[in-house]
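Each remark here refers to the structure printed beneath this line.
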Amino acid sequence: MQRTRLAGPFVLGVEPFRDTPSFVRTKWGMTLMTLLRPASPNLHVYSHHALIAHKLAWLRDRRTQPAQFGQLLKEISLMLLSYATANLPSREVPVITPVGPTVQRVLAKRVGFAPILRAGAGMIPAAHELIPGAPIWYLGLYRDEATLQPVRYYDKLQGYPPVDIALILDPMLATGGSACVAAARLKEKGVETVTFVGLIAAPEGVALLSREHPDVEIYVADVDERLNERGYIVPGLGDAGDRQNATGADDPTGDPFIPEPEAVL
Ligand code: PRP
Ligand code: URA
């Protein structure tokens, strides 16, 4: 396999892009894909960020094992969450430094995170690191394999104290059904501002979420080409829940999973 050697122990293979049409891998192809992205004023994509792109390439690679997958998911989530929280409302407070008094800014609203189980759970360590002590509102949703419709199976929001701003955490925005159900549930609970933070989106998911919840800002590392007939994002990364938890019988390409020990980050 052709490899490009990067700094230190980092080795980036071309393997992650093996199923991508060759024209897309060219500079012009990339530009075209960017231009063809769904036009949504609420969509924020960070595929131009060198480090996010690098980590995402490894995350997509089918050889990346669950422990590394979880670590990369956390690292990319941390970067995306820092962008998604950049404009949180703040208020002035007086602070006295060892040198003298000053006026500084602190968060003005209650912020919580709403990870969608299972895959969104992998983004919680980043959320904890960024805003320690912020409430975590688990939402249990899975997609019915036949209909691709989200099925709710866990929701304890009823008894929780309110938050003003909630960030939905889910690596994958595929049809958008799960994100729409989550956004509707958070609004029903009284959340004023809902934001979606994910890693990879399909154009279909961006379109549905933007249409049903135009007030929800969407932060993702990349927007891919399309969904396949099984509702998986192409090229995507496969099943984000299975890849974190080592529960996949196969990968959605139908190929057997062949770990290659030299694929070390
Ligand atoms: C995945 C993913 C999202 C959902 C996205 O969950 O984590 O929640 O699919 O698909 P959608 O945009 O078409 O709704 P999945 O149903 O595989 O459950 P899991 O995380 O428990 O494996
Ligand atoms: N859920 C996943 O985990 N992966 C996809 O590609 C689509 C939905």
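For ligands, and for the atoms within them, numbers begin at 1 and follow the listed sequence. Residue numbers start at 1 and run along the sequence shown.
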Just need the protein heavy atom nearest to atom 17 (O) of ligand 1, so name the residue and atom and give the distance. Asp239 OD2, 3.8 Å
Less than 6.0 angstrom from the centroid, inside 45 degrees of the normal: does Lys156 satisfy that with respect to the ring of Trp137? no
Identify which of Asp242, Ile116, Asp170 has a heavy atom lying nearest to atom 8 (O) of ligand 1. Asp170
Validation row: Leu81, Leu78 side chains within 4.5 angstrom (heavy atoms): no
I'd like to know if Glu129 and Lys74 make a salt bridge, using a cut-off of under 4.0 Å between side-chain N and carboxylate O. yes
In this structure, atom 6 (O) of ligand 2 is nearest to the protein heavy atom Ile233 N, 2.8 Å
Taking only Lys NZ, Arg NE, NH1 and NH2, and the carboxylate oxygens of Asp or Glu, determine whether Asp239 and Arg230 approach each other closer than 4.0 Å. no
Among all protein heavy atoms, pick the one closest to atom 15 (P) of ligand 1 and tell me residue, atom and distance. Arg143 N, 4.2 Å
Hey, looking at atom 12 (O) of ligand 1, which of Ser178, Ala121, Gly176 has the closest heavy atom? Gly176
With respect to Ala174, determine whether any N or O atom, backbone or side chain, lies less than 3.5 Å from an N or O atom of ligand 1. yes
Show your reasoning for whether side-chain hydrogen bond (donor to acceptor under 3.5 Å, both in side chains) applies to Thr247 and Asp242. CA-CA 5 Å; Thr247 46; Asp242 284 341; 2.5 Å; yes
Working for salt bridge (Lys or Arg N to Asp or Glu O under 4.0 Å), residues Asp224 and Arg60: CA-CA 12 Å; Asp224 278 4; Arg60 291 177 186 273; 2.8 Å; yes
Which residue holds the protein heavy atom closest to atom 13 (O) of ligand 1, what is that atom called, and what is the gap in Å? Thr175 OG1, 2.5 Å
Any protein heavy-atom neighbour for atom 5 (C) of ligand 1 (distance below 4.0 angstrom)? yes
What atoms in ligand 2 come closer than 4.0 Å to a heavy atom of Ala174? 7 (C), 8 (C)
Looking only at distance, does Gly241 have an N or O less than 3.5 Å from an N or O of ligand 2? no
Is Ala240 in polar range of ligand 2, meaning some N or O pair under 3.5 Å apart? yes
Measuring from the heavy atoms of Pro150, does anything fall under 4.0 Å of ligand 1? no
In terms of the angle between their ring planes, are His44 and Tyr219 parallel, tilted or perpendicular, with boundaries placed at 30° and 60°? parallel
Is it the case that atom OH in Tyr142 sees more than 12 heavy atoms from other parts of the structure closer than 6.0 Å? no
Hey, which atoms in ligand 2 end up nearer than 4.0 Å to a heavy atom of Gly231? 7 (C)
Is any side-chain heavy atom of Arg226 less than 4.5 Å from a side-chain heavy atom of Glu204? yes
Within the structure provided, determine whether Ile168 and Thr195 are in side-chain contact (heavy-atom separation under 4.5 Å). no
Any N/O of Ala119 closer than 3.5 Å to an N/O of ligand 1? yes
If you scan protein heavy atoms around atom 4 (N) of ligand 2, the nearest is Gly238 O, 2.8 Å
Give the residue and atom name of whichever protein heavy atom lies nearest to atom 22 (O) of ligand 1, and the separation in Å to one decimal. Arg118 NH2, 2.8 Å
Could you tell me which atoms of ligand 1, counted from 1 in the order shown, lie closer than 4.0 angstrom to a heavy atom of Met172? 3 (C), 5 (C)
Among protein heavy atoms, which lies nearest atom 8 (C) of ligand 2, and at what distance? Arg143 NH2, 3.4 Å
Do Leu227 and Val234 have side-chain heavy atoms sitting under 4.5 Å apart? no
